[in-house]
Amino acid sequence: MENGGSRQATMAELQEVQITEEKPLLPGQTPEVAKTHSVETPYGSVTFTVYGTPKPKRPAILTYHDVGLNYKSCFQSLFQFGDMQEIIQNFVRVHVDAPGMEEGAPVFPVGYQYPSLDQLADMIPCILQYLNFSTIIGIGVGAGAYILSRYALNHQDTVEGLVLINIDPNAKGWMDWAAHKLTGLTSSISEMILGHLFSQEELSGNSELIQKYRNIITHAPNLDNIELYWNSYNNRRDLNFERGGDITLKCPVMLVVGDQAPHEDAVVECNSKLDPTQTSFLKMADSGGQPQLTQPGKLTEAIKYFLQGMGYMASSCMTRLSRSRTASLTSAASIDGSRSRSRTMSQSSESGTLSSGAPGHTMEVSC
């Protein structure tokens, strides 16, 4: 990999596209300029959007969205949240759109062989090579969380940390397949995807958020493409995580799921299979199936804390995170830039619980 100057030169070659903010800007906040590009990979073209410029000795934040969404509909609420601006200022970020999911994407021809989730993960090195980025912190939701996990298993040295929301690391079993086929007989693709994204309670409540995303998915001009991504997700292989085994995530991981969300059991099981000294588990109450949409403030605080545990943003002002009277935690980076890997914590709050294997440490969140 080349130095930072070469990275900036490469960034300058990207086509600039002005992104209009959907929410009012905060005082002193300036609109971000997004740079969007597509690169060819062995499995087809992939589009990604870059915000900010590379920071010396810091990884890029790379996001990957779930089925039925693109990077904007999946992550915009989170990254436009006020308290997230501090993170934005400290990291360049890359938002990947799965093939055919980007805005204005043409519909793939009939018979098009859509990449498997493993192949989608194998596209990521092409993106990083193009940008000349050496390491990332991944944030993925659903299918995107699986893709980033698969990438991390194959490229451990390039992943410093992962925030995995709604991950299901298991392949579908026979019972799952039977239920899926039966549902397909009576439900449309859009309804099945909505059931994947949101809880039944949320769908029955039909809130403004649900109406918005039902409309987005039902009337998506690329719905045929979305179905291909959905099929790849349902045909995923088992990640075969094994606590104490050779197949595991070696980097710090924060698992996130909403209480009573569709994937709650899968995330709990995933937590049981990963290294407890490297893994944090956040179960968020009142967040539904998509906590990055419904609770961006609480998730932002958790991400800030996660980054501090890796030795980044040590001076960050934790507006909602206060130390417990019963324990304290410190996360610091040494002068030479080595990262603290201590993950012995258990966090409880009104919004949910964040825990890892070692007992005795408690953090409180005031939201």
Side-chain angles (χ1 to χ4, degrees), residues 1 39 41-44 46 48 59-67 93-99 114-131 133-173 176 229 232-257 263 265-282 303 306-307 309-310 339 341 343 356-357:
M1 295 291 180
V39 295
T41 78
Y43 307 105
V46 62
F48 53 93
I61 290 178
L62 185 145
T63 72
Y64 216 115
H65 62 87
D66 203 353
V67 176
R93 65 189 199 273
V94 182
H95 296 291
V96 181
D97 277 318
Y114 196 81
S116 67
L117 294 197
D118 290 6
Q119 290 170 335
L120 292 176
D122 288 339
M123 291 180 169
I124 295 176
C126 298
I127 297 173
L128 299 185
Q129 182 179 8
Y130 178 85
L131 295 172
F133 290 174
S134 56
T135 60
I136 65 167
I137 295 171
I139 303 179
V141 181
Y146 179 103
I147 290 166
L148 291 179
S149 296
R150 177 64 72 185
Y151 171 77
L153 289 175
N154 296 334
H155 304 273
Q156 295 179 10
D157 292 342
T158 69
V159 182
E160 293 197 22
L162 289 172
V163 177
L164 304 175
I165 303 170
N166 297 338
I167 184 171
D168 186 344
N170 302 316
K172 278 187 175 294
D176 296 319
Y229 187 20
S232 287
Y233 176 71
N234 287 312
N235 284 289
R236 65 189 179 277
R237 294 193 300 145
D238 200 312
L239 288 174
N240 291 314
F241 289 149
E242 182 182 359
R243 178 169 291 185
D246 293 333
I247 302 178
T248 190
L249 297 173
K250 304 290 180 67
C251 64
V253 177
M254 182 168 74
L255 300 175
V256 182
V257 70
H263 307 286
D265 291 344
V267 179
V268 169
E269 181 181 350
C270 182
N271 182 53
S272 72
K273 294 180 177 181
L274 296 179
D275 181 353
T277 67
Q278 291 281 64
T279 306
S280 309
F281 180 38
L282 174 61
I303 292 173
F306 179 69
L307 293 172
M310 296 173 63
R339 304 302 175 195
R341 297 302 185 185
R343 308 299 297 163
S356 68

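With rounding to the nearest 0.5 Å, the separation of CG in Leu255 from NE2 in His263 is 14.0 Å. Here the straight-line distance linking atom OG of Ser232 with atom CG of Leu117 works out to 6.0 Å at 0.5 Å rounding. Atom-to-atom distance recorded for Asp265:CG and Asp168:CG is 10.0 Å, nearest 0.5 angstrom. Here the CD1-CG distance, from Ile247 to Leu239, works out to 9.0 Å after rounding to the nearest 0.5 Å. The distance from the CE atom of Met254 to the OG atom of Ser280 is 7.5 Å, given to the nearest 0.5 Å. In this structure, SG on Cys251 lies 4.0 Å from CG on Leu162, to the nearest 0.5 angstrom.
When all heavy atoms of Phe306 and Pro252 are compared, the closest pair comes out as CZ-O, 3.5 Å. In terms of heavy atoms, Asp122 sits closest to Pro125 at O-CD, 3.3 Å. Minimum heavy-atom separation, Leu164 to Leu249: CD1-CD1, 4.0 Å. Between Ala121 and Tyr151 the shortest heavy-atom distance is O-CD1, 3.7 Å. Nearest approach of Ala171 to Arg236, heavy atoms of both residues: CB-O, 3.3 Å. When all heavy atoms of Phe241 and Thr248 are compared, the pair lying nearest together is CD2-CA, 4.3 Å.
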Checking Asp97 against Phe48 for the side-chain contact (heavy atoms from CB on, under 4.5 Å) test, could you report, in this order, the C-alpha distance in whole Å, the side-chain angles of both residues, the deciding distance, and whether it holds? CA-CA 6 Å; Asp97 277 318; Phe48 53 93; over 6 Å; no
Decide yes or no on side-chain contact (heavy atoms from CB on, under 4.5 Å) for Leu62 and Ile124, but give the supporting numbers first. CA-CA 10 Å; Leu62 185 145; Ile124 295 176; 4.3 Å; yes
Worked verdict on Asn271 versus Thr279 for side-chain contact (heavy atoms from CB on, under 4.5 Å): CA-CA 7 Å; Asn271 182 53; Thr279 306; 3.5 Å; yes
In sequence, state the C-alpha distance, the side-chain angles, and the governing distance for Thr135 and Val159, and then conclude on side-chain contact (heavy atoms from CB on, under 4.5 Å). CA-CA 6 Å; Thr135 60; Val159 182; over 6 Å; no
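Contact check for Ser149 versus Ile167: side-chain heavy atoms found under the 4.5 Å cut-off. The closest side-chain heavy-atom distance from Ile136 to Ile61 is not below 4.5 Å. Residues Gln119 and Pro42 form no side-chain contact, since every pair of their non-hydrogen atoms from C-beta on lies 4.5 Å or further apart. Here the side chains of Val257 and Phe281 are in contact, with some heavy-atom distance below 4.5 Å. Residues Asn154 and Asp118 are not in side-chain contact: their nearest non-hydrogen atoms beyond the backbone lie 4.5 Å or more apart. Contact of the Met123 side chain with the Pro115 side chain is registered, since non-hydrogen atoms from C-beta on lie closer than 4.5 Å.
Using modelled atom types, one side-chain atom of Gln278 and one backbone atom of Lys250 make a donor-acceptor pair closer than 3.5 Å. Distance alone, capped at 3.5 Å, is enough to place a donor-acceptor pair between the Ser272 side chain and the Glu269 backbone.
For the residue pair Ser116/Tyr43, the side-chain donor-acceptor check at 3.5 Å is not satisfied.
In this view, Thr63 and His95 satisfy the side-chain hydrogen bond (donor to acceptor under 3.5 Å, both in side chains) rule, not counting sequence neighbours. Taking Arg243 as the reference, Pro276 meet the side-chain contact (heavy atoms from CB on, under 4.5 Å) condition, with sequence neighbours excluded.
Ring-plane geometry between Tyr114 and Tyr229 is classed as tilted, the angle between the planes lying from 30 to 60 degrees on a 0 to 90 degree scale.
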Atom pairs and distances, side-chain donor-acceptor, residues 138-148, under 3.5 Å, sequence neighbours left out:
{"from": "Tyr146", "atom 1": "OH", "to": "Arg150", "atom 2": "NH2", "distance (Å)": "3.2"}
{"from": "Tyr146", "atom 1": "OH", "to": "Arg237", "atom 2": "N", "distance (Å)": "3.3"}
{"from": "Tyr146", "atom 1": "OH", "to": "Arg237", "atom 2": "O", "distance (Å)": "2.5"}

